[in-house]
Amino acid sequence: MSKKDLTELEVFELMQTYENHTFGEIDQHETPETIKSYHGYVVERSIFEYEPNSNPFPDLDWLDLEIKSTPMRETNRGLSSKERLVLNIINYLEENWLDFYESSFWKKNKKLLVVFYLYKNTLPKREQKILKSIIYKYPEKDLKIIMNDWLTIANKVLSGQAHEISERDTLYLAACTKGVNSDSVRKQPFSDVLAKQRAYSLKASYMTTVYNDYVYKNRKDESIVNDASIQVGKFSLEDYILKKFMPYFGASVTKLAELFGIDLISQTKSINSLIVNRILGLKHDIDHVEEFRKAFIIPKTIRIEPNGKVKESMSFPIFRFMEIIHEEWEDSEINDIMSNGRFMFIVFKYDLTFREYQLSNLKFWSMPNIDVLECREVWERTKAIIINGVEMTPTRKGINNNLPKKVDNSVMHVRPHGRDASDRLPLPDGRMMTKQSFWLNNDYILKIISE
DNA sequence: GCATGATCATGC
DNA sequence: GCATGATCATGC
C-alpha cells in the first residue's frame with residue numbers, strides 16, 4: 001500500500017509500531033550517521049518513502065502533516081527536550097508578514113507528526129531509540145500565544161529590525177539562528193542591514209511540556225490561562241499576568257496575608273511566594289504552572305530592604321560535583337536557565353513611612369548574552385576547581401571553600417545550598433562536601449530591577 | 001554593612 | 001526524605 005493513501009489515524013498507528021525501535025532497525029538505506037539530520041532522514045525515507053526536501057508545504061501534504069524528529073534526554077528532573085524543534089527557514093523577503101494564516105510557518109507547520117527519540121551522547125545515532133510519536137495540533141490557548149509570538153517577529157521585520165530579532169523576544173514560538181556559522185545572513189525587506197538567517201522553532205521548554213503532557217496525563221501542571229485570556233495582537237501572556245497583579249500593588253504583606261487567609265506566624269521564608277500563588281489563583285506549586293513551563297518563565301520573589309538594597313542573592317538548583325566534572329557548559333542546567341529562561345521578578349519593597357514590606361513591582365526579564373558569558377566563566381572555574389580538588393578550611397563560621405565567590409564576579413557565585421551543613425555530596429576524590437548551587441549576586445539583581 | 005556559610009518552610 | 005525557593009546568622 002502506498003503511504004499516500006494513509007489516513008491520519010493510520011499514520012499514528014504506523015508510528016506506534018516503531019516505538020522502542022532503534023533508527024538502525026528502521027533504516028533501509030544505510031543512511032550515513034554523518035548526516036546532520038540523520039533521524040529525520042531515516043523516518044522520511046524508510047518509513048514514509050520520500051526524499052527529504054524543503055518544500056513550502058507539509059511533508060504529508062494530503063494530511064497537512066509535517067514530520068519532525070526531536071531528541072529527548074534524561075536529566076535529574078526526568079526526560080526533557082534536548083533542543084528546540086527547528087521548523088522552516090524564514091525568508092524575510094518573501095514571507096507574508098501581514099497575515100499569520102498566510103505565513104510559511106502556518107502553511108507548513110499547522111499540524112506536526114513529532115517523533116520523540118531518546119538521545120544519549122554515548123550511543124551512535126543508529127542505536128538511539130524512538131520513544132513516542134504524536135500528532136500534534138496546537139491547543140487554542142497555545143495558538144494565541146504562538147500567534148502573538150509570530151506578531152512579535154513580524155513587527156521586528158516590518159520595522160526593519162530583522163537583525164535585532166532574538167529568541168528571547170517570544171514565549172513558545174521563536175526565530176532561532178540557523179546556518180553553518182554567524183556569516184549566514186539574509187536580506188530583509190525594510191532595511192539594508194543584513195540579518196542572521198533564522199528558522200521558526202518551538203522552544204525546548206515547550207517541547208518538554210508537550211512530551212510530558214502526552215506521557216504523564218495525570219501531571220500536576222496547572223494552567224493559568226483559558227481560551228479567552230489572551231487576545232492576539234492586543235493582550236499578551238505577560239499583560240495577562242500583570243493584570244492579575246495590578247489590584248495588589250502597594251498593598252502590604254500583612255494586609256495581603258490577611259486578605260488571602262495566610263497565617264503570618266512561622267512562615268517568614270515563604271510568605272511572599274504564598275502571596276504570589278494566591279494572586280495567580282494557584283492550587284498547587286508555582287513551579288507547576290503549564291504556561292510557565294512551556295515558556296520557561298521562572299518566577300522569583302525579591303525583597304528590597306529598608307536601606308534600599310537587595311540583601312539576599314538568588315539561589316538556583318544544586319549541582320552534583322560528580323556530574324559537573326563531565327559536563328560541558330552548553331549542556332549544563334545553569335546555562336539552560338540563564339540562556340533560555342525568562343525571569344518573572346516579583347518585588348516586595350520596604351516602605352519607610354508605613355514600616356512594612358509592600359508588593360511593589362512585577363518585571364519580566366531575560367539575561368543579556370554578555371552576562372551569560374560571566375556565568376559561563378564562573379561555571380568553568382567551578383568545574384576546574386572541583387576537578388583539581390576543592391580546598392576546604394574549617395573556620396568559626398563553618399567550612400570555608402575556594403569555589404567562586406561573590407567578590408570574584410559581578411553576576412554569579414557559588415554558595416552552599418542544602419538542608420544544613422551536613423547535607424552533603426561526594427567530590428571526585430571521595431571527600432564529602434555540603435551541597436552547593438549557583439547564585440545570582442544580590443547587587444546584580446538590584447541593578448536589574450532598578451533599570 | 002557585607003560576604004558567605006548555614007538553615008528554614010514547603011510541596012511532592 | 002529530598003529538592004528548592006527564600007532567608008537567617010555572624011565573623012570580619
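Proteins come first, then strands; the chains are lettered A, B, ... in the order of their sequence lines, and each starts at number 1. Only a predicted model underlies this, so the values are computations on that prediction, with no experimental measurement involved. These numbers come from the heavy atoms of this one structure, side chains and all, not from hydrogens, waters or symmetry mates.
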Side chain of [X] (C-beta onward), nearest among [options]:
X      : options               : result
A/D285 : B/dT10, B/dC12, C/dA3 : B/dC12
A/A421 : C/dA6, B/dA6, B/dT10  : B/dA6
A/K300 : C/dG5, B/dA3, B/dG5   : C/dG5
A/D420 : B/dT7, B/dG5, C/dC8   : B/dT7

Reckon [X] has a side-chain N or O less than 4.0 Å from the OP1 or OP2 of [N]?
X      : N     : answer
A/K405 : B/dG5 : yes
A/S270 : C/dA6 : no
A/S273 : C/dA6 : yes
A/N272 : C/dT7 : yes
A/K309 : B/dC2 : yes
A/K435 : C/dA3 : yes

When the distance from [atom1] of [X] to [atom2] of [N] is rounded to whole Å, what number comes out?
X      : N     : atom1 : atom2 : result
A/F319 : C/dA3 : CZ    : C1'   : 15 Å
A/H413 : B/dA6 : NE2   : C1'   : 13 Å
A/E312 : C/dA9 : CD    : P     : 11 Å
A/H417 : B/dG5 : NE2   : C1'   : 13 Å

The side-chain contact (heavy atoms from CB on, under 4.5 Å) partners of A/R431 (sequence neighbours excluded) come to A/V390, A/M392, A/L427, A/D429

Between A/N442 and A/W439, which has a closest nucleotide on DNA chain B that is more 5'?
A/N442

Between A/K406 and A/N277, which has a closest nucleotide on DNA chain B that is more 5'?
A/K406

I'd like to know if A/D443 and A/K406 make a salt bridge, using a cut-off of under 4.0 Å between side-chain N and carboxylate O.
yes

Is there a side chain to side chain donor-acceptor pair (under 3.5 Å) between A/T434 and A/R424? Walk through the geometry before answering.
CA-CA 4 Å; A/T434 307; A/R424 301 187 295 172; 5.8 Å; no

Would you classify [X] as touching base, sugar-phosphate or nothing, given that sugar-phosphate means primed atoms plus P, OP1 and OP2, and contacts are heavy atoms under 4.0 Å?
X      : result
A/S315 : base
A/K397 : base
A/N401 : sugar-phosphate

Please list, by residue number, the residues of residues 377-396 of chain A whose heavy atoms come closer than 4.0 Å to an atom of DNA chain B; answer none if no residue qualifies.
none

Those residues that, when tested against A/S229, pass side chain to side chain donor-acceptor pair (under 3.5 Å) (two or more places apart):
A/N226

Applying ring-ring contact (aromatic ring centres under 6.0 Å, His included), run through A/W150 and A/F105 and close with a yes or a no.
CA-CA 9 Å; A/W150 185 85; A/F105 163 74; 8.4 Å; no

